[in-house]
Amino acid sequence: MFKAVISEAKEFKKIIDAASNLLDEICFEVSEDGIKARAMDPSHVALVSMDIPKEAFEEYEADVHDIGIDLEAFKKIMNRAKAKDKLILELDEEKNKLNVIFKGTARRKFALALYDVSSSNLQVPDIEYPNEILIKAGAFVDALKDADLVNDHVALKVDDGKFIIYAKGDLNESETIFEEDSEDIISMNIGENARSTFNLEYLKDMTKAASSDDILKICIGTDMPVKIEYDIGGANLTFLLAPRIES
Amino acid sequence: FGKQVTLDDFFTIN
């Protein structure tokens with residue numbers, strides 16, 4: 001069996017939004033400890049990992065199940081959540097559906113068809129990074145918006161103790177520099193200068209679910225995948241994005 | 001700005 005009650009449907013919607021920007025389908029691996037899911041996008045450029053411990057739920061009861069979901073359909077249903085709705089997720093094993101129930105002034109139920117998506121058994125690779133930056137999501141997203149004006153990819157750099165978001169187009173350039181004492185920076189753990197270039201659209205998708213005051217943990221090296229990690233409503237979201245590399 | 005590589009280029013993910 002699987003039944004989970006989430007006090008704020010809107011918080012869970014953010015998690016589904018973040019995943020559905022990058023993935024078509026996902027397998028939720030539910031167990032008595034909580035829900036986890038790991039998947040790569042079809043092009044293998046990005047990896048999404050989510051961990052929602054049972055403590056993040058108002059009520060939680062589950063055996064071990066793999067629940068395969070079409071994320072586009074799930075996202076459309078979650079878009080129907082109202083501000084004060086509770087969310088109940090419930091596996092109907094007989095009908096092979098996931099019941100998605102919004103409980104507000106009325107009880108509204110959707111039965112979502114399950115997909116035969118087997119769990120990937122993916123692990124987030126344990127990479128050692130020379131640099132780790134904790135930054136307010138709003139500040140980072142703003143820097144990405146600046147970069148978006150000049151090109152569709154962006155360099156994330158660590159230079160001389162500063163964290164720099166830099167883009168260069170045919171004609172124009174943009175640069176945002178964060179120093180360690182900036183109000184937007186929570187901490188910078190800098191080991192060495194680094195530079196990696198990334199597709200901007202992916203970075204925007206990965207950070208879309210974060211509110212501006214949420215804290216992003218960004219790990220970067222030179223020509224390495226970037227790791228971006230943040231928490232939403234007690235759930236942990238981790239993303240890896242492969243870089244663009246000079247050939 | 002180079003060529004997009006995949007995560008498979010960095011680690012074996014199953």
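We name chains A, B, ... by the order of the sequence lines, and we start the count at 1 in each one. Bear in mind the structure is a predicted one, so any value in this text is a computation, not a measurement.
By the 6.0 Å contact criterion, OH on A:Tyr129 is enclosed, its count of non-hydrogen atoms from other residues, nucleotides or ligands being greater than 12. For CG of A:Asp116, the number of neighbouring non-hydrogen atoms (other residues, nucleotides, ligands) closer than 6.0 Å is 12 at most. Around the NZ atom of A:Lys145, the shell of radius 6.0 Å holds no more than 12 heavy atoms that belong to other residues, nucleotides or ligands. Atom CD of A:Glu93 has more than 12 neighbouring heavy atoms from other residues, nucleotides or ligands inside a 6.0 Å radius.
Here the straight-line distance linking atom CG of A:Asp223 with atom CZ of B:Phe10 works out to 7.0 Å at 0.5 Å rounding.
For the pair A:Asn199 and B:Gln4, the minimum side-chain heavy-atom distance is below 4.5 Å. B:Thr6 has its side chain out of reach of A:Met40: every pair of non-hydrogen atoms, C-beta onward, lies at least 4.5 Å apart.
The most heavy-atom pairs under 4.5 Å with chain B, out of A:Ser43, A:Ala46, A:Pro243, come from A:Pro243.
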**Message:** Using the rule given for side-chain contact (heavy atoms from CB on, under 4.5 Å), can you reason through B:Leu7 versus A:Leu240, listing the C-alpha separation, both sets of side-chain angles and the distance that settles it, and then say yes or no?
**Reply:** CA-CA 8 Å; B:Leu7 291 172; A:Leu240 277 182; 4.3 Å; yes

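In this structure a side-chain-to-backbone donor-acceptor pair under 3.5 Å is missing from A:Arg244 to B:Lys3.
When heavy atoms are compared at a cutoff of 4.5 Å, A:Leu241 approaches chain B solely by way of its backbone atoms N, CA, C and O.
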